[in-house]
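Please read the structure below before turning to the comments.
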There are 2 protein chains.
Amino acid sequence: MKVTINDVAKLAAVSIKTVSRVMNNEASVREATRDKVQAAIDELHYQPNLAARSLAGTKSYNIAFIYDNPNAYYVIDMQNGILSECKKQGYELLIHPCNSKSETICEELKKMVQHSRVAGIVMTPPFSEMPEIVKTLSALDVKIIRIVSGKESPDDLSPCVMINDKDAAKNVTQHLIDLGHKNIGFINGGMEHMSSHERLGGYKEALQSNDIEIKDNHIIAGQYSFESGVQGANELLAGKDRPTAIFACNDEIAAGALFAARLMNINIPDQLSIIGFEDSPFSRQTWPKLTTAHQPNKTIAQHAAALLIAATRHQKLSDETQSFIPELVVRDSTSRFVQ
Amino acid sequence: MKVTINDVAKLAAVSIKTVSRVMNNEASVREATRDKVQAAIDELHYQPNLAARSLAGTKSYNIAFIYDNPNAYYVIDMQNGILSECKKQGYELLIHPCNSKSETICEELKKMVQHSRVAGIVMTPPFSEMPEIVKTLSALDVKIIRIVSGKESPDDLSPCVMINDKDAAKNVTQHLIDLGHKNIGFINGGMEHMSSHERLGGYKEALQSNDIEIKDNHIIAGQYSFESGVQGANELLAGKDRPTAIFACNDEIAAGALFAARLMNINIPDQLSIIGFEDSPFSRQTWPKLTTAHQPNKTIAQHAAALLIAATRHQKLSDETQSFIPELVVRDSTSRFVQ
DNA sequence: AACGCAAATGACAACGCTGTCAATTGGTAT
DNA sequence: ATACCAATTGACAGCGTTGTCATTTGCGTT
């Protein structure tokens, strides 16, 4: 029932140490030996015991995912991405939901790291954008990888996987401009998120490079929430200088805007185009379905996990840090502006 | 930095075995000794090494959560519930998202259980409602606990935590009846889910006990999705025998119904009451906010995990299996029927 | 005070693997 | 053929805990 390294060693007629070498892809194992051992491993369906492995070795085969995000879709996607890489590489994933606003969060995380003996940590916003936390944990003997919004690493505290919200927002805005819109409202997410700054930046850049005036009254400060979308849209649509399109900072806001417009008997997309951001399943549950920017969360997370695991093995991957640009997905909430 | 059981033993002037006994809450440790050891543990902030523990012991300190559910909110709640119990009891949680429709799912899960040496498994629908899977895994040396829809255990394959959808649906329907509604439509979820059957049953019971006729044309077969809600509502509201209230089998369906009604210029709740089920965050992102039944997923999952862990320790909890009744949450999508 | 016995404690091996370092191998240069 | 050296392989200890079983302790009896 239970196959140990010993069984494999016997079958392959080598020492257990050699089997161990093969398992860990270490150098200096003769090709012929490696094949022989691999054959035995396959025949017995041998799987190393993780507990023994991490007890004996100096290395750990655990990585942790630390998050604090109310958006369940986001978390699940990230988690699944990390999980699939862990599976591939024989790592265990420890999930740590926690409260980023807690006073003792630093202490808490430190304790967790020491107790669980994790080799590395994947951090998403807001943790990834809190330098104190990154600093505290860096001091421990763990590798860290952060998923952050931006075109470049915000600092040298750890490697990062970037989501290029700015360029994506620029493209999204350009889509509206290409449809003939010149009066484009913007409903922002909370300013404690880097992504809000980046998306607003992209929006502004697009307008500028098309010589369209940036109107302050068309930029609404908001939160990443449905309610904020309703409120923001009400504000934008109430004034006399009404925009013909709205760029909502994420899909929830867009859904709220959609709803507010509907209440005002404004037909979407004929009288008003609305565009979201993220492409969460949420964006397909609205009617009309949202045009949005697809943020490949699962892929991003998987890439981050791959980098992290490589780092814990002191390997370097060729494309160290990578930047992902969410891509425009055209659905039914945007259309050509007709005077 | 790294505190081992040895350090504690030295400080407390006892053997490591005694420390181990205290850590595991074993009997036959003198009170005075226990206190002495506990003091040392506290002073050094000792935390046992999980790898060593599971390597040495016959017991495993891992439990797995197996799921296949597109509803991210549901999964996150369940996961957090299990996680919090694991934390409390010093267990690790292995997360296993997988495809219930895969041909090889049984083999896959079997492999996982054997490799990860898990002591127990928490299963949610649809896995918990697939007898073959439960049987296959029961044959292995793992405890299983299932979260299922129903008032009583569907079988003796494993202990279950029940969600009493029927009584909850009855209460929900009664709420509509109490508001004066006599024409109540029902949009069902997919019939492959036990919960759909149960909720429909509760709806029917409520009508019957109030001597209200059950009209077949008021019961729409659907799916647990937004689209299904739109379609179901269209069907219900198109006929001449139009219901004055709709019981949607979950919040997504209800949101779809809400939307369909709005398109037909039917005012909610004045002209039509709509009620959902589950109380997912989703139900607070609609407008008006949904009256629904609160399903305490996190609590349910935590309870299930507690039972499972007790079982792996060969302990029995007093309230073996428990049944949860989702409770009515009145918000803004229902109102008194006025002729 | 001595005895008996259950309760409490401890010594030690074992869990399955990896790190260290020593032993062996095979190929190359003489 | 021989010596040499790097490449390959193996022996063995040890990771931090628990299970087993032997030993000691403390308490109630006589």
Side-chain angles (χ1 to χ4, degrees), chain A residues 1-38 40-41 44-62 90-92 114-117 119 312-314, chain B residues 1-38 40-41 44-62 90-92 114-117 119 312-314:
Chain A
M1 192 88 264
K2 182 162 54 173
V3 183
T4 74
I5 199 169
N6 238 305
D7 304 323
V8 179
K10 258 179 226 156
L11 181 61
V14 296
S15 74
I16 54 170
K17 184 63 216 188
T18 300
V19 178
S20 169
R21 287 197 179 93
V22 173
M23 284 306 299
N24 290 284
N25 250 305
E26 283 173 35
S28 64
V29 176
R30 212 184 302 276
E31 198 59 37
T33 314
R34 188 181 295 277
D35 291 347
K36 198 170 55 177
V37 171
Q38 190 60 54
I41 289 172
L44 298 175
H45 298 291
Y46 167 67
Q47 304 249 217
N49 178 319
L50 293 159
R53 196 181 232 196
S54 60
L55 179 59
T58 50
K59 332 185 189 67
S60 149
Y61 293 85
N62 292 332
Y91 275 60
E92 289 291 326
Q114 288 170 342
H115 176 212
S116 309
R117 315 261 160 101
T312 65
R313 290 191 166 150
H314 308 288
Chain B
M1 192 87 263
K2 184 161 53 174
V3 182
T4 75
I5 199 170
N6 236 307
D7 305 322
V8 180
K10 257 179 228 155
L11 181 60
V14 295
S15 73
I16 56 171
K17 184 64 216 188
T18 300
V19 178
S20 170
R21 288 200 177 91
V22 172
M23 282 308 297
N24 290 284
N25 250 306
E26 283 172 37
S28 62
V29 176
R30 212 183 303 276
E31 198 59 37
T33 313
R34 188 180 296 277
D35 291 347
K36 198 170 54 175
V37 171
Q38 190 60 54
I41 290 172
L44 298 174
H45 298 291
Y46 167 67
Q47 303 250 217
N49 178 321
L50 293 159
R53 192 180 235 195
S54 60
L55 179 59
T58 51
K59 333 187 189 68
S60 150
Y61 293 85
N62 292 333
Y91 275 59
E92 288 291 325
Q114 287 170 344
H115 175 211
S116 309
R117 316 261 160 97
T312 65
R313 290 192 166 148
H314 310 286

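First the proteins, then the strands, lettered A, B, ... as listed; each starts at 1. On a predicted model such as this, the values are computed, not experimentally measured, just so you know.
With D/dG10, D/dT17, D/dT9 as the candidates, the nucleotide lying closest to the side chain of B/I5 is D/dT17.
Contacts of B/S54 with the nucleic acid, taken as non-hydrogen atoms under 4.0 Å apart, are absent.
Residues B/N25 and B/R34 have side chains in contact (heavy-atom distance under 4.5 Å, counting atoms from C-beta outward). Taking 4.5 Å as the limit, every side-chain heavy atom of B/T4 sits out of range of all side-chain heavy atoms of B/N49. A/V22 is listed as a side-chain neighbour of A/Q38, based on a closest heavy-atom distance under 4.5 Å.
B/M23 has its CE atom 8 Å from the P atom of D/dT18, to the nearest Å. Taking atom OH of residue B/Y61 and atom P of nucleotide D/dG16, one finds them 18 Å apart after rounding to whole Å. B/K10 has its NZ atom 13 Å from the P atom of D/dT17, to the nearest Å. Atom C1' of nucleotide D/dT8 and atom NZ of A/K36 are separated by 12 Å, given to the nearest angstrom.
Heavy-atom minimum distance, B/V8 versus B/A40: CG1-CB, 3.8 Å. Closest heavy-atom contact between A/V3 and A/Y46: O-CD1, 3.5 Å. Here the closest non-hydrogen pair linking B/Y91 and B/N62 is CD2-N, 4.2 Å.
Residue whose closest nucleotide on DNA chain C sits further toward the 5' end, between A/N6 and B/A13: B/A13. Comparing B/L55 and A/I16 by the nucleotide of DNA chain C that holds the closest heavy atom to each, the one mapping nearer the 5' end is B/L55.
Between A/S15 and D/dT9 there is no side-chain polar atom (N or O) within less than 4.0 angstrom of OP1 or OP2. At the phosphate of D/dT9, neither OP1 nor OP2 sits under 4.0 Å from any side-chain N or O atom of A/S28. Between A/R30 and D/dA7, a side-chain N or O to OP1/OP2 separation shorter than 4.0 Å is absent.
Protein chain B contacts DNA chain C from C/dA8 to C/dG16, reading 5' to 3' and using non-hydrogen atoms of the protein with a distance under 4.0 Å.
By the side chain to side chain contact (heavy atoms under 4.5 Å, CB included) test, B/N24 pairs with B/S20, B/E26, B/R53, B/Y61, sequence neighbours left out. For A/A9, the side chain to side chain contact (heavy atoms under 4.5 Å, CB included) test picks out A/I16, A/V19, with sequence neighbours left out. A search for side chain to side chain contact (heavy atoms under 4.5 Å, CB included) contacts involving A/T18 returns A/V14, A/S15, A/R21, A/T33, A/V37, not counting sequence neighbours.
One axis for each end of the helix from C/dA1-D/dT30 to C/dT30-D/dA1, each built from five base pairs, and the angle between them comes to 40° at 10° resolution.
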Checklist outcome for this item: Counting primed atoms, P, OP1 and OP2 as sugar-phosphate and everything else as base, the B/S/- map of nucleotides 19-24 of chain D against protein heavy atoms under 4.0 Å is BB----
